[in-house]
Each structure stands twice: as structure tokens, then as C-alpha cells.
Amino acid sequence: MEFIDLKAQYRRLQEPINEGIQKVLNHSRYVLGPEVTELENRLAEYVNASHCIAVSSGTDALLVALLALGVGEGDEVITTPFSFIATAEVIALLGASPVFVDIDRRTYNIDPALIPSAISAKTRAIMPVSLYGQCAAFDQITAIAKTHELPVIEDAAQSFGATYSNRVSCGLTDLAAASFFPSKPLGCYGDGGALFVSDDRLAGIAREIAAHGEKRRYHHTRIGINGRMDTLQAAILLAKFDYFDQEVEARARIARRYTTLIEDLFRGSDESVDVRCPYIASNCESVFAQYTIEVPDREAVQAKLSARGIPTAVHYPVPLHLQPVFKNLGLGVGSFPEAEAAARRVISLPMHPYLSDEDQDLVVAALKESVSVQ
Ligand SMILES: *Cc1c(COP(=O)(O)O)cnc(C)c1O
């Protein structure tokens, strides 16, 4: 069994994907070919954003967003400590400081109630992460940002395709960064990402930054990066995008089935068997980039599942403020108790749109044995 079965997806979508790749090979416009513009238009329309800029990765989408806002030395950006390193890495790379705010223990996303006290004169942006595919609490976050005249950047690397109050992730904030890393809900065959921008002027700046700060050919007005998406990746994404809604539906169905099966299994168990299924807020539809549960004695459970042939992953075992690279921030154990508690207990189960009921039953049966046989 695979944790995320990309081969199963390729087997099903082989024809349109191969066709898309062949078209690019035929016209040979490997950089900024027509597929890139077509993809940008389709993605912008899908999330209802004014602008989409296809870039080389989710990390570069975040980086370009911060560069476009002019974030640099001495600035602060508010974000969550419970995320992949890229979220805080891009902030530090620009000489700015990530200012962490603890999470809401139910959703694993930044706790909006704790944001105001983290805002200082140096704050330049708020960058929530929509973790595991569920949007952060953007109504509350946007209201706070408005009061302080701060832009909001959604780290939507895991949430492209999710909805929030019937709006779509990446279309909720001033800027949003999606990742098309192969294992994300919409994945290409290498690195890829997209930056979504609502403001026309800011979008123009971001587009230049993503292509060497070039205003027109060999005329450079800003310091930028080589951050363009390859045409081949755009063609692969276009082919997959036709099936994306079906896949999002399949993910939701599989997630619901996991929750029903797991809750049934542990119903009436004694309190020591504290297994928690994902909590999805009533105004949210998660795209389930991960199906992540909480278990007691996580390391033991993971080892037992592995011995039974069930692949799992931990997103993430070490919160960002405790990463060696951020030692300079001086934030020790206990700084963000909710993120630290989550990091000790979370485990992600196999999840992809082609996971069969039989395999899912195997996972759940193995989970039952792994959790109760302590
Ligand atoms: C995957 C991910 C990124 C980085 O995306 P890449 O495309 O791998 O550069 C950033 N933030 C979060 C939360 C992610 O999960």
C-alpha cells in the first residue's frame, strides 16, 4: 500500500497527461509556453482571484509574495509554528523574523484570538497556513488584518480546492500561495506552484519578481528570481485539472469513511484510548491533503502500523520554533503549548483519491490493533 499512490492516478489519467506532454514537446516552448498562460487563467477562474502567476514551487510563491510586499531586514511576519519549514523559511531568508502565534487545537490552524497581541510596529503581513487542507479562520483573521492595515497571505500549499464559507482557498486573501508538489492535492510531476493576487498593481510587481524583475525583455526594474513554472509542468497540471473536482470529491468521501470507521472502532473505549479524528469547522470543506488523526503513544502506534505494512507520516514532529535553525529566536519548549501537544500526537494515514475501500479497511483494522495493543 502506498501513502499517496501517484502511480494509480497516472494509470487513470495517462492519456490526457501524455497528450499534454507531447504537445509541449512538439511546440518546444519549454519556458513560458502557451500552457502556462492557459493554466493561470483556469486556476484564477477556479479560485475567483483576479490574478494567478504560475511559479516554480509553493516555496517560491510564498517568497515572491513577500518580495512583492517589500518584506525585508528587520520586518516581522506573523505565522503559525505548526507547519512545514517553507512557511517560516522564506520569511527568514529575506532577513525578516517569523513571529509565531499558537494554533487552535481543533483545526491545527493559527488561533485568530492570539494574533492581535503579536502585532507590533514591525509587522508587515499575516501569513496563516491552511493546514492538512482546511482553511484557516479567515473571517476573523481578515478582520484583524483590516484594523491594522496588514496584508494577509494564505499559505495554501495544502488547501488548493478547499472551500471556506462557499468561497475557494486562494481566493480569500490579498495573496495566496499554492503548491503543486507531486503529493499535494493537485500535483505536477516535479516542483510547481502558483501565486494568487487580488490587487492589479501588486500582481504586476509579483509577475516581474517571478521572472528576474524583468519589465520587458532584458529591461530589469527589480531584484527578482528565476521562479517561472515549466511549460511541461503546466501541461501536466492542465490535464489533471479536468479531473480535479472528481478527485476532491473522492478525497472527501474517503475522509468521511475513515472518520465513520475510526469513530465506530473506538466508541466506548476507555479514556486512555484517546483517538481523535479530524475536526472540520462547519463553514469549511477540507481537501484533505492529509488525513491526520491523533493517537496516544504515537511513536509506538506508527511502528506497529509500519510492521503491519501500513505507511504513515507525521506532519509535523517538530514545531518550527523548536527547529535548530530557529534557535536564534530564543523560543524554548513551552512557548506554544498547543502546537507542541499536536506535534506529539498527530499521525497521517494513507490518503489519496484512489484509495480502495479494501485498503482503507486494512488501515483501520491495523490501527485498532496498534492503538489497543500497547
Ligand atoms: C508543501 C508546502 C510548502 C512548500 O511547497 P513546495 O511546492 O514544496 O515548495 C509550503 N507550505 C506548506 C504548508 C506546505 O505543505
Side-chain angles (χ1 to χ4, degrees), residues 61-62 65-66 68-72 74-92 94 96-159 162 164-165 167 169-177 196-199 202 279-284 286 316 319-323 326 329-343:
L62 291 170
L66 294 175
L69 292 171
V71 171
D75 292 336
E76 294 178 354
V77 176
I78 291 174
T79 191
T80 164
F82 197 50
S83 183
F84 179 58
I85 187 71
T87 311
E89 182 183 41
V90 289
I91 299 168
L94 295 177
S97 297
V99 172
F100 296 119
V101 166
D102 210 352
I103 56 168
D104 176 329
R105 192 71 171 77
R106 294 178 308 168
T107 62
Y108 307 106
N109 287 326
I110 195 166
D111 184 345
L114 303 176
I115 293 176
S117 60
I119 295 174
S120 81
K122 295 180 187 168
T123 308
R124 296 295 307 274
I126 305 174
M127 196 157 89
V129 177
S130 296
L131 202 73
Y132 303 151
Q134 171 167 224
C135 285
F138 284 110
D139 284 343
Q140 293 91 315
I141 293 167
T142 310
I144 295 162
K146 213 170 221 164
T147 312
H148 297 268
E149 293 180 48
L150 291 168
V152 178
I153 306 166
E154 180 186 18
D155 181 339
Q158 301 183 11
S159 62
Y164 179 86
S165 298
R167 293 160 66 206
S169 171
C170 292
L172 305 163
T173 50
D174 304 288
L175 299 127
F196 297 88
V197 190
S198 59
D199 179 76
L202 199 58
Y279 164 87
I280 306 299
S282 60
N283 64 334
C284 287
S286 176
Y316 296 91
L320 298 178
H321 66 287
L322 299 178
Q323 292 288 351
F326 286 125
L329 297 176
L331 298 162
V333 173
S335 303
F336 303 104
E338 303 297 342
E340 291 167 27

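All values derive from a computational prediction rather than experimental measurement.
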* Asked: Heavy-atom distance under 4.5 Å between the side chains of Leu175 and Leu69, does that happen here?
  -> yes
* Check the angle between the aromatic planes of Tyr316 and Phe84 and answer parallel, tilted or perpendicular using the 30° and 60° thresholds. => tilted
* When rounded to the nearest 0.5 angstrom, what is the spacing between CG in Leu62 and CD in Glu154? -> 10.5 Å
* How far does OG of Ser117 sit from CD1 of Ile78, to the nearest 0.5 angstrom? -> 8.5 Å
* **Check: Thr173 and Phe138 side chains under 4.5 Å, non-hydrogen atoms** => yes
* **Nearest heavy atoms of Ile103 and Ala342, plus distance in Å** => CD1-CB, 4.1 Å
* With sequence neighbours excluded, tell me which residues meet salt bridge (Lys or Arg N to Asp or Glu O under 4.0 Å) with Glu340. => none
* In sequence, state the C-alpha distance, the side-chain angles, and the governing distance for Leu322 and Val333, and then conclude on side-chain contact (heavy atoms from CB on, under 4.5 Å). => CA-CA 7 Å; Leu322 299 178; Val333 173; 4.1 Å; yes
* Shortest non-hydrogen separation from Leu172 to Cys135 and the atoms involved -> CD1-SG, 3.7 Å
* To do: Locate the shortest heavy-atom distance separating Val152 from Ala145; write the atom from each residue and the value.
  => CG2-CB, 3.4 Å
* To do: List the steps and the verdict of side-chain contact (heavy atoms from CB on, under 4.5 Å) for Ile141 and Ile110.
  => CA-CA 9 Å; Ile141 293 167; Ile110 195 166; 3.8 Å; yes
* Report the distance from atom CG of Asp104 to atom CZ of Phe82, rounding to the nearest 0.5 Å. => 12.5 Å
* **Backbone N/O of Tyr279 and side chain of Gln134: donor-acceptor pair under 3.5 Å** => yes
* **Pairwise distance CD(Gln140) to CG(Asp111) - rounded to 0.5 angstrom** => 9.5 Å
* **Spatial distance of atom CG (Leu331) from atom CZ (Phe100) [nearest 0.5 Å]** => 7.5 Å
* Only pairs at least two apart or in different chains count here, so list each side chain to side chain donor-acceptor pair (under 3.5 Å) that has a residue in residues 79-92. => Ser83-Thr87, Thr87-Asp155
* **side-chain contact (heavy atoms from CB on, under 4.5 Å) evaluation trace for Ile126 with Val101** => CA-CA 10 Å; Ile126 305 174; Val101 166; over 6 Å; no
* Once you round to the nearest 0.5 Å, how far does OG of Ser130 lie from OH of Tyr164? -> 9.5 Å
* Asked: Minimum heavy-atom separation for Ala92 to Phe326, with atom names?
  -> CB-CE2, 3.8 Å
* **side-chain contact (heavy atoms from CB on, under 4.5 Å) between Met127 and Ile91, intermediate numbers included** => CA-CA 10 Å; Met127 196 157 89; Ile91 299 168; 3.8 Å; yes
* Asked: Judged by atom type as modelled, is there a donor-acceptor pair below 3.5 Å linking the side chain of Gln158 to the main-chain atoms of Tyr132?
  -> yes
* Test item: Asp139 and Pro112 side chains (from C-beta on) under 4.5 Å apart, heavy atoms -> no
* Closest heavy-atom contact between Ala125 and Ile153? -> CB-CD1, 4.2 Å
* **Minimum heavy-atom distance Leu150-Arg124, with the two atoms named** => CD2-C, 3.8 Å
* Report yes or no: does Asn109 contribute a side-chain atom to a donor-acceptor pair with the main-chain N or O of Leu131 at less than 3.5 Å? => yes
* To do: Would you check if the side chain of Asp102 reaches a backbone N or O of Ala339 as a donor-acceptor pair within less than 3.5 Å?
  => yes
* Is there side-chain contact between Pro319 and Phe336, with heavy atoms separated by less than 4.5 Å? -> no
